[in-house]
Structures are given as C-alpha cells and as structure tokens.
Amino acid sequence: MQFNASLSYKNTFRENHNFSALAGVQLETLLSQSLSGSREGFFIPGYDEMGVGSKTQTSSSARDEWAMLSYYGVLNYNYKEKYLIELTGRLDGSSRFMPDNRWGFFPGGSVAYRISQEPFWQSVEKYVSSLKIRASYAHFGNQWLNDYYPFASQMNTNLWNGYFFNGEQFLGSIQEKLFNADISWETSKQANIGLDMGFLGDKLTLTVDLFNRKISDLIQVPTIPTFVVYNAPYFNIGKMQARGYDISISYRGSSKNGNWRYSFTGNFSDAKSTILEVADIADTNDITALRPGELRNAIRGWKTDGFYRDQADIDASPAFNNDKTNLKPGDVKYRDKDGNGVIDYNDVYTLGDGSPRYLYSLTANISWKNFDLSVFIQGVGERMKRYNGAGIVPFDNGRSMFESQTDYWREDNLNAKFPRLSINNKNNYYSSDVWVKNAGYVRLKNVSLSYRIPKKVISKLRLQSARVYVTGQNLFTLSDAFEGFDPEGNNSYGSEFYPIMRVFTVGLDLRF
C-alpha cells in the first residue's frame with residue numbers, strides 16, 4: 001500500500017522574486033502472508049480431501065511486513081530566473097531498523113546562475129546564446145537489503161532440524177542467521193557541478209555534469225567461518241567513492257521551406273566506483289571479496305601463458321598446488337606471479353572492471369515531408385565479463401557442443417581459442433584471462449521508418465490520422481564478447497547464452 005499527500009505554495013514578490021514551497025508525507029507498507037498444507041495416502045478415487053488422507057501431513061506458513069514513513073520538503077527561490085536556489089530535506093523512517101536507528105535525515109541544496117541573462121552577454125549572444133552553471137550537494141540514504149528483519153535472529157523450524165524421542169519425531173529449530181541490532185542507514189554525500197550551453201539560438205546545446213559521491217556505513221554481509229553460523233548478519237562497514245561525468249550534445253534544425261526537419265542527440269557518460277574501506281576478509285582465497293583500493297566490481301583471477309604444448313612443457317612449468325597428476329597438453333597454463341614455482345592465490349591479478357564504462361548513445365530523427373526516420377544506436381566502450389556455463393564449456397551439464405566451441409586445442413590446432421576437450425577438468429575453468437573478455441559493444445538498437453498519409457486522403461475515410469510504419473530492433477551488433485552471448489546482458493552465465501533476436505514489425509496506425 002502507498003499513501004501520498006502534499007501541499008504546495010507559489011508566489012511572486014515585487015515582480016522579480018519568485019518563491020515556491022512543497023511539503024509532503026509518504027507512507028509505504030507491505031504485508032505478505034502465505035499458508036500451505038499437504039497430505040498423502042488417498043485411497044478413495046476421486047475423493048482427495050485433506051481430511052481423509054492417511055499418510056504424512058505437512059503445513060507451513062510465512063508472514064513478512066515492512067513499512068517506511070517519509071516527510072519531505074522543497075524550497076525554491078529565484079531572482080528574475082537568473083539566480084536560482086533550491087533546498088530539500090527528507091526525514092525517512094524504515095521498519096528494517098531498530099527504533100534508535102530507524103530515522104535518517106537527508107538534506108540537500110543546489111544553486112544555479114544564468115550568466116547569459118546578464119547585459120554584458122549580448123556581445124556574444126549571437127554565437128553562445130545561453131549559459132547556465134550549476135552546483136549541488138546532497139545527502140542520501142539507502143535501506144534496501146534482502147532482509148525485512150536484519151536486526152533479529154532468523155530461526156528455521158521443521159522436521160529436518162528435529163529429533164527423535166521414544167521413537168517419535170519432533171520439530172526442531174536452528175538459528176540460520178545472526179542478528180545485528182545496530183544496523184542502520186547506509187548514507188552517501190554527493191557533490192555535482194554542471195553547465196548548460198546553447199549555441200546558434202540554441203539549435204546546438206551542450207550539457208556537462210561532473211559528480212563525486214562518497215558512501216559511508218556501507219551495508220555489507222561479511223564473510224565468517226561456516227562453523228559459527230550458516231549466514232552472517234548485515235553490518236554498516238565500509239566506505240566507497242564513485243566519480244563520473246555525463247555529457248549530452250544535441251542539434252536540431254530544418255530547411256527554409258520546412259520540408260526537412262532533423263534532430264540529433266548524443267550522450268556519453270562514465271563512472272568509476274572504488275572501495276575505500278571494507279570489512280576484514282575472513283577467507284583470503286575468496287577472489288570475489290571486496291578489497292580496499294580496488295574497483296567495486298573488480299574481476300579477479302589468474303593470467304595465463306596459453307596452453308601446455310607437450311609433456312615437457314608441463315614438467316617444466318608450475319601448476320595449481322604443484323599437482324600435475326591430471327594435466328595434459330592443451331590444458332591452460334597459468335602464470336606464476338610471485339615466481340615461487342607454484343600456482344596459488346598469491347598469483348591472482350585484477351583482470352578488469354565488471355561495471356560498464358564509457359556508455360554512449362546516438363539518437364537521430366529525420367523528417368522529409370510526410371516521411372519520418374528514427375535511428376537509435378547505443379554502446380559500451382568497456383565492460384569486462386567472466387564467461388562460464390554452457391556457452392563456453394562443451395557438454396556442460398549434459399548439453400551438446402556448439403559450433404563456436406569447435407576451436408579447441410588439438411595437435412593440428414595449437415593456436416586454438418579454447419583448451420582441449422575434457423570432462424570435469426577443474427584446471428581449465430578457473431577464473432582467468434582465458435574466460436574474462438571485454439564485452440564492450442555498439443548496437444544498432446532501433447530503426448523506424450514511417451509515412452503519414454496526407455489528410456486530403458484520409459479525410460475521405462473520416463480518419464484523424466493514418467500512418468504506415470516499419471521498425472527493426474537489434475539489427476546489428478559489433479562486440480568482442482564470446483559468440484552467442486548478449487553483451488548488453490547483466491551477467492555472463494549460461495542463461496545469457498541465447499541468440500540475440502532481430503525483430504521486424506510492419507504496422508498501420510489509424511486514429512478516428
């Protein structure tokens with residue numbers, strides 16, 4: 001359930017002083033309940049009511065509740081639309097936290113200055129028609145985590161955890177997760193600066209934004225020894241910094257007679273998130289654990305020196321834990337980073353950033369008389385992915401072999417892309433630069449061509465408008481990702497190994 005109520009005020013004083021205010025309250029609640037039961041042993045055909053079964057009967061139920069109450073306010077002031085100030089504030093209370101930690105206050109503010117409205121700007125207005133500079137600073141809070149009750153221990157009660165007494169089985173309970181009563185809001189502070197520029201009467205516009213965000217009290221689940229408890233609780237431990245920029249440039253225009261109309265918009269952005277502080281790493285062999293000074297989504301693994309050429313190469317090279325029992329020519333050969341003659345977790349490298357970097361897009365709209373053409377291109381300059389699953393492992397989980405996997409090592413194919421064919425070969429599928437690749441791409445995402453039937457034609461049919469169109473989606477992609485994987489996807493597992501569908505649509509839009 002969601003409830004919102006707000007009150008706004010707006011007024012102008014002495015002609016040039018513009019003031020507005022907004023105050024509101026928002027309530028969000030969630031209640032989820034479930035009840036189920038089962039029974040076995042129904043011996044009367046067609047009469048399978050729960051009450052007449054003779055064998056094992058079970059029942060289960062669940063209930064989850066969550067609520068968040070927020071009060072917010074916004075104050076705006078500007079003088080002649082030239083000097084602009086905005087102040088904001090939110091007071092949020094979440095049921096995910098204990099009463100002493102439940103509430104968080106998150107203020108913010110921004111200022112802007114339209115320099116192009118100053119009298120001295122008239123001398124350059126012909127070339128730079130508008131200029132506004134902006135700056136903002138704000139606090140934010142995050143309480144989203146996969147747990148409605150992180151402050152409470154979680155117990156599991158069922159027969160599997162039970163015990164026998166006098167030959168009879170009883171229910172038992174185990175503590176599945178520890179609690180942390182001190183868990184609270186993850187907070188962040190973000191500073192932005194930006195500018196908006198217009199050229200040639202604002203036919204050409206440019207927007208640039210730079211941001212720096214620092215996150216404190218990062219909500220994490222630390223790694224703890226499994227003999228302590230099944231799952232560790234959430235803690236406010238760690239700090240992270242994110243820096244980036246967004247650039248947008250647009251151009252629009254038309255021919256003198258109005259037959260041609262066009263607009264182009266390009267966007268380019270990038271952001272990098274770095275871990276500043278993090279919880280102690282209980283398992284130093286965990287290559288996925290966050291580490292101070294590294295990127296938030298760093299992919300770690302081993303670098304390789306190709307594949308073993310022959311048995312002599314195996315005998316002369318280091319191996320994992322120095323175990324060469326099952327190694328054969330064509331297996332992956334790992335690089336000994338510390339030179340101690342053994343491949344282990346001290347030889348791990350940071351292989352790349354799993355977050356998308358250098359995002360860009362181009363939108364073009366061109367019209368000529370009654371014809372309209374729209375083109376949308378998008379891409380990512382760099383995004384490292386660790387690939388696994390059926391898309392790269394032949395015969396994975398009983399599957400067949402794909403044509404893209406036939407470039408495997410053999411005596412007549414020493415420069416193969418993949419190691420030799422093998423079953424359950426652990427050595428060849430560790431996280432390494434063999435399977436980590438740049439999934440950056442450029443894709444012709446959408447093209448649409450339409451024709452608006454002239455009104456003198458459709459008026460005879462008593463239509464307000466009529467349009468014939470054809471569209472195409474995912475028409476073309478360039479990428480170094482492994483064949484069959486969609487580089488636009490959010491992960492790189494077997495479920496993502498699915499042909500990218502090209503979709504063509506032909507339609508008629510009639511409005512009466």
Side-chain angles (χ1 to χ4, degrees), residues 18-24 26 70-92 104-118 121 128-144 185-199 202 204-219 238-250 265-277 295-297 353 355-363 378 380-383:
N18 304 295
F19 176 82
S20 65
L22 174 70
Q26 178 177 327
S70 303
Y71 302 95
Y72 58 89
V74 182
L75 295 175
N76 281 284
Y77 168 79
N78 75 77
Y79 176 70
K80 292 185 176 181
E81 299 294 336
K82 185 192 325 184
Y83 310 106
L84 302 97
I85 299 175
E86 181 178 89
L87 299 175
T88 64
R90 287 185 64 92
L91 181 63
D92 295 318
F105 178 63
F106 309 105
S110 64
V111 294
Y113 175 32
R114 284 195 174 97
I115 303 175
S116 54
Q117 289 195 3
E118 297 289 356
W121 198 261
V128 183
S129 47
S130 62
L131 173 62
K132 180 172 73 172
I133 57 175
R134 299 173 277 107
S136 64
Y137 184 80
H139 292 227
F140 301 93
N142 174 37
Q143 54 90 42
W144 291 106
W185 289 88
E186 177 182 288
T187 59
S188 61
K189 303 173 183 179
Q190 180 166 324
N192 292 63
I193 58 172
L195 61 85
D196 303 315
M197 298 184 70
F199 306 88
D202 284 352
L204 176 64
T205 59
L206 172 68
T207 300
V208 178
D209 283 282
L210 306 176
F211 68 87
N212 183 10
R213 186 172 191 172
K214 289 187 177 182
I215 303 175
S216 302
D217 304 317
L218 200 63
I219 296 178
K239 296 180 180 180
M240 184 173 69
Q241 183 177 47
R243 292 177 175 176
Y245 58 84
D246 295 282
I247 301 173
S248 178
I249 184 168
S250 299
T265 300
N267 295 286
F268 188 81
S269 63
D270 183 39
K272 182 172 71 172
S273 299
T274 305
I275 299 297
L276 302 179
E277 295 180 13
L295 298 174
R296 172 65 177 86
N297 291 313
D353 187 0
S355 299
R357 302 289 305 275
Y358 316 115
L359 287 72
Y360 55 89
S361 66
L362 174 65
T363 303
Q378 70 175 30
V380 172
E382 181 180 284
R383 183 185 186 185

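Predicted, not measured: the structure shown is a model, and the values here were computed from it.
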- Task: For side chain to side chain contact (heavy atoms under 4.5 Å, CB included), just list the numbers for Y83 and Y77, CA-CA rounded to whole Å, side-chain angles, deciding distance to a tenth of an Å, and then say yes or no.
- Result: CA-CA 8 Å; Y83 310 106; Y77 168 79; 6.0 Å; no
For [X], enumerate each residue passing the ring pair (Phe, Tyr, Trp, His ring centres under 6.0 Å) test, keeping only those at least two apart in sequence or located in another chain.
X    : result
F19  : none
Y79  : H17
Y137 : H139

- Task: Any chance you could measure I85, atom CD1, to S110, atom OG, to the nearest 0.5 Å?
- Result: 9.0 Å
- Item | Approximate separation, where rounding is to 0.5 Å, of S130 OG and F199 CZ | 8.0 Å
- In chain order, what residues pass the side-chain contact (heavy atoms from CB on, under 4.5 Å) check against F105, with sequence neighbours excluded?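 Per chain and number, F105 pairs via side-chain contact (heavy atoms from CB on, under 4.5 Å) with L91, P107.
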- Query: I115: what forms a side-chain contact (heavy atoms from CB on, under 4.5 Å) with it, not counting sequence neighbours?
  - Reply: Y113, F120, W121, L131, I133
Side chains of [X] and [Y]: does their closest heavy-atom pair fall under 4.5 Å?
X    : Y    : answer
V128 : M197 : yes
N78  : N76  : no
N267 : Y360 : no

Name all residues meeting the side-chain hydrogen bond (donor to acceptor under 3.5 Å, both in side chains) criterion together with [X]; count only those two or more places apart in sequence or in a different chain, and write none if there are none.
X    : answer
Q190 : N192
Q26  : E28
E186 : N142

Minimal non-hydrogen separation, [X] against [Y], with atom names:
X    : Y    : result
A21  : L75  : CB-CD2, 3.6 Å
M240 : S273 : SD-CB, 4.1 Å
T187 : F106 : CG2-CE2, 4.1 Å
K239 : S216 : CG-CA, 4.3 Å

Distance-only check: which donor-acceptor pairs under 3.5 Å involve side-chain atoms of residues 206-215, not counting sequence neighbours?
{"from": "T207", "atom 1": "OG1", "to": "D196", "atom 2": "OD1", "distance (Å)": "3.4"}
{"from": "D209", "atom 1": "OD1", "to": "R134", "atom 2": "NH1", "distance (Å)": "2.9"}
{"from": "D209", "atom 1": "OD1", "to": "R134", "atom 2": "NH2", "distance (Å)": "3.2"}
{"from": "D209", "atom 1": "OD2", "to": "R134", "atom 2": "NH2", "distance (Å)": "3.4"}
{"from": "N212", "atom 1": "OD1", "to": "Q241", "atom 2": "NE2", "distance (Å)": "3.2"}
{"from": "R213", "atom 1": "NE", "to": "S188", "atom 2": "OG", "distance (Å)": "3.2"}
{"from": "R213", "atom 1": "NH2", "to": "S188", "atom 2": "OG", "distance (Å)": "3.0"}

- Task: Scan for salt bridge (Lys or Arg N to Asp or Glu O under 4.0 Å) pairs involving residues 79-89, sequence neighbours excluded, and state none if there are none.
- Result: E81-R114, K82-E118
- Query: Would you find a donor on one side and an acceptor on the other, under 3.5 Å apart, between the side chain of S129 and the backbone of G198?
  - Reply: yes
- Residues, nucleotides or ligands: over 12 heavy atoms within 6.0 Å of Y71 OH: no
- Item | R357 and K272: CA distance, side-chain angles, deciding distance, side chain to side chain contact (heavy atoms under 4.5 Å, CB included) verdict | CA-CA 8 Å; R357 302 289 305 275; K272 182 172 71 172; 3.9 Å; yes
- Residues passing the salt bridge (charged side-chain N to carboxylate O under 4.0 Å, His left out) test with R296, sequence neighbours excluded, are none
- With sequence neighbours excluded, what pairs up with D92 under the salt bridge (charged side-chain N to carboxylate O under 4.0 Å, His left out) test? R90
- Task: I would like to know whether D353 and N297 meet side chain to side chain contact (heavy atoms under 4.5 Å, CB included); could you show each step before the answer?
- Result: CA-CA 6 Å; D353 187 0; N297 291 313; 4.1 Å; yes
- Between T265 and S250, do the side chains contain an N or O donor and an N or O acceptor separated by less than 3.5 Å? yes
